[in-house]
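For the numbers below, each heavy atom of this structure counts, side chains included, while hydrogens, waters and symmetry mates do not. Ligands are counted one by one from 1 in listed order, and the atoms in each one are counted from 1 as well.
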Amino acid sequence: MDIRLTEGVKLILDRLYEQGYRADVVGGAVRDALIGRPSFDFDITTEATPDEVKSVFADCKIVDTGIKHGTVTLVLDGVGYEITTWRVDGDYHDSRHPDAVSFTRSLSEDLARRDFTVNAICYNERDGYTDIFGGVDDIRAKVIRAVGEPERRFREDALRIMRAVRFSSQLGFSIEEHTALAATKLRSLLLNVSDERIYVELKKLLSADGAHEVLSSYPEIILTVLPELDGLKLPDRELFISMDYKTRLLSLFLLNAKDARERFSSAMQRLKTDSAHRVYGESVLSHYKNADTGTRYGALKLLSSVGPEVALGVAALGVLVGEKTKLDLEIIEDAIASGIPYTLSELKVGGNDIAALGLRGPEIGKALLSLLDAVMSGECVNERDALLGLCQKDFH
Ligand code: ATP
Ligand code: MG
């Protein structure tokens with residue numbers, strides 16, 4: 001099977017070839033094409049050094065994005081293409097970064113430094129596939145297998161442990177036995193890897209379709225990167241994969257930590273997630289226990305205090321852990337769709353109207369809240385006269 005290269009990629013490969021340099025598409029794009037999965041970025045690997053690449057494309061915009069690692073980005077028609085020179089990584093001393101990288105004129109050396117066989121296949125239209133490590137067979141067998149000796153590869157760069165479980169979740173592939181054993185055995189090396197890089201992988205893993213299988217097969221690895229959890233009890237699989245990433249993550253804390261909110265909050269701070277995500281999750285967990293989502297009035301009260309996003313999150317989390325049903329979620333959705341106000345700004349009377357009735361200072365706010373409550377409970381309609389009448393009755 002041939003890979004459909006985009007015009008931009010073809011142009012780059014052709015130009016390098018015309019100047020005497022071999023160049024191929026490599027990694028994710030080749031893997032995904034063989035699987036039949038859409039792929040959006042094409043990484044190009046070439047024997048030309050970055051300076052040689054620059055002189056071949058002297059008439060184009062080219063940026064030194066990762067020049068230390070031999071990567072430049074060529075911009076064609078507004079699209080960026082990463083072109084990386086064949087390289088070998090030097091020794092690793094910290095399970096994170098090679099001490100040095102050096103360029104090589106051997107394609108097989110470049111492929112050998114890659115993490116998994118399925119990621120170590122390259123392709124161009126002249127030479128077809130170059131697959132030295134059996135990546136095509138592993139794609140057929142749906143297996144993630146380290147290139148070379150797994151322990152050595154994980155010691156070099158422990159992030160590969162997270163990449164193995166992440167690819168397993170995204171692709172629905174199993175992890176080959178020796179690779180899996182080495183990953184579990186060396187999991188504590190993940191403590192040397194930056195939290196930001198771990199989080200990128202964890203998020204991809206949890207968002208993908210195979211997340212439930214991976215979490216149940218590799219709990220030790222997950223608990224190493226989420227030490228805030230006391231265990232790894234999981235919700236029902238079908239429900240889990242029907243939920244979004246944020247709800248999946250919250251369910252792990254709800255089911256596996258006594259003070260879920262505190263633990264979630266400190267995990268998210270440690271992993272340096274964006275603060276909007278952290279605040280959202282904290283809010284869902286804070287309101288989770290006391291939220292009455294089984295009645296329209298309860299739903300409106302919740303909407304009133306936290307807004308629609310968090311309210312729906314509370315119900316979805318409840319459904320996922322089996323403490324609420326889909327009906328709770330529907331009641332909130334219906335409450336939102338009903339148009340019944342749950343914020344003061346939607347009320348058909350304002351502070352001035354109440355002041356005109358003779359109320360002053362904090363009494364005004366109290367009166368407005370009590371009117372909103374009356375509308376939410378169905379005691380009063382959201383109409384000016386009815387609201388003013390009720391206010392006069394209650395406060396005079
Ligand atoms: P994705 O679809 O997530 O982008 P990808 O396979 O393209 O998957 P990238 O992180 O974009 O992954 O990396 C591109 C390629 O670089 C990989 O396919 C692999 O060959 C190599 N690679 C990336 N990270 C590592 C690593 N930590 N160790 C060894 N090789 C790596
Ligand atoms: Mg990629």
query = At a 4.0 Å cut-off, with the gap strictly under it, does some heavy atom of E156 reach an atom of ligand 1?
reply =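 Judged by the 4.0 Å heavy-atom criterion, E156 does not count as contacting ligand 1.
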
contact_flag F116 ligand 1 heavy-atom lt 4.0 Å =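 Contact absent.
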
Quick check: does [X] get an N/O under 3.5 Å from an N/O on ligand 1?
X	answer
R114	yes
D41	no
D32	no
R166	yes

inquiry  = Regarding T295 and D292, do their side chains bring together a donor and an acceptor under 3.5 Å, going by distance alone?
reply    =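 Yes, side-chain donor-acceptor contact under 3.5 Å.
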
ask   = Between R113 and E109, is there a salt bridge with N-O shorter than 4.0 Å?
value =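 Salt bridge flag = no for R113 with E109.
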
key: Salt-bridge present (R31, D138; N to O < 4.0 Å)   =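 A salt bridge is absent here (no side-chain N lies under 4.0 Å from a carboxylate O).
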
Numbering as shown, the atoms of ligand 1 that approach [X] to under 4.0 Å (heavy-atom distance):
X	value
G27	18 (O)
R113	29 (C), 30 (N)
G28	5 (P), 6 (O), 7 (O), 18 (O)

key: Trace of the salt bridge (charged side-chain N to carboxylate O under 4.0 Å, His left out) decision for D353 with K348   = CA-CA 10 Å; D353 301 310; K348 290 278 165 58; over 6 Å; no

key: Contact check, side chains of E282 and F264, non-hydrogen atoms, under 4.5 Å   =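 E282 vs F264: side chains touch.
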
Identify the protein heavy atom lying closest to [atom], giving its residue, its atom name and the separation to 0.1 Å.
atom	answer
atom 14 (C) of ligand 1	D43 OD2, 3.5 Å
atom 13 (O) of ligand 1	R163 NH2, 3.8 Å
atom 28 (N) of ligand 1	R160 NE, 2.7 Å
atom 19 (C) of ligand 1	D115 OD1, 3.6 Å
atom 6 (O) of ligand 1	R31 NH1, 2.8 Å
atom 27 (N) of ligand 1	D157 OD2, 2.8 Å

message = Starting from I67, can I reach I83 by hopping between I/L/V/M/F/W/Y residues whose side chains sit under 4.5 Å apart?
response =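 Result: yes, single cluster for both.
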
query = Would V143 end up clustered with F116 when hydrophobic side chains under 4.5 Å apart are linked, directly or stepwise?
reply =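 V143 and F116: separate clusters.
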
query = Residues in side-chain hydrogen bond (donor to acceptor under 3.5 Å, both in side chains) with E213, at least two apart?
reply =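 Testing E213 for side-chain hydrogen bond (donor to acceptor under 3.5 Å, both in side chains), a comparison that skips the adjacent residues, returns R237.
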
ask   = Is it the side chain (CB and beyond), the backbone, both or neither of F167 that lies under 4.0 Å from ligand 1, heavy atoms counted?
value =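 The side chain, only.
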
message = Would you call the rings of H212 and F240 parallel, tilted or perpendicular, taking 30° and 60° as the class edges?
response =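 It falls in the perpendicular class, over 60°.
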
query = Any donor-acceptor pair under 3.5 Å linking the side chain of D77 with the backbone of V79?
reply =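 Judged by distance alone, no pair lies under 3.5 Å.
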
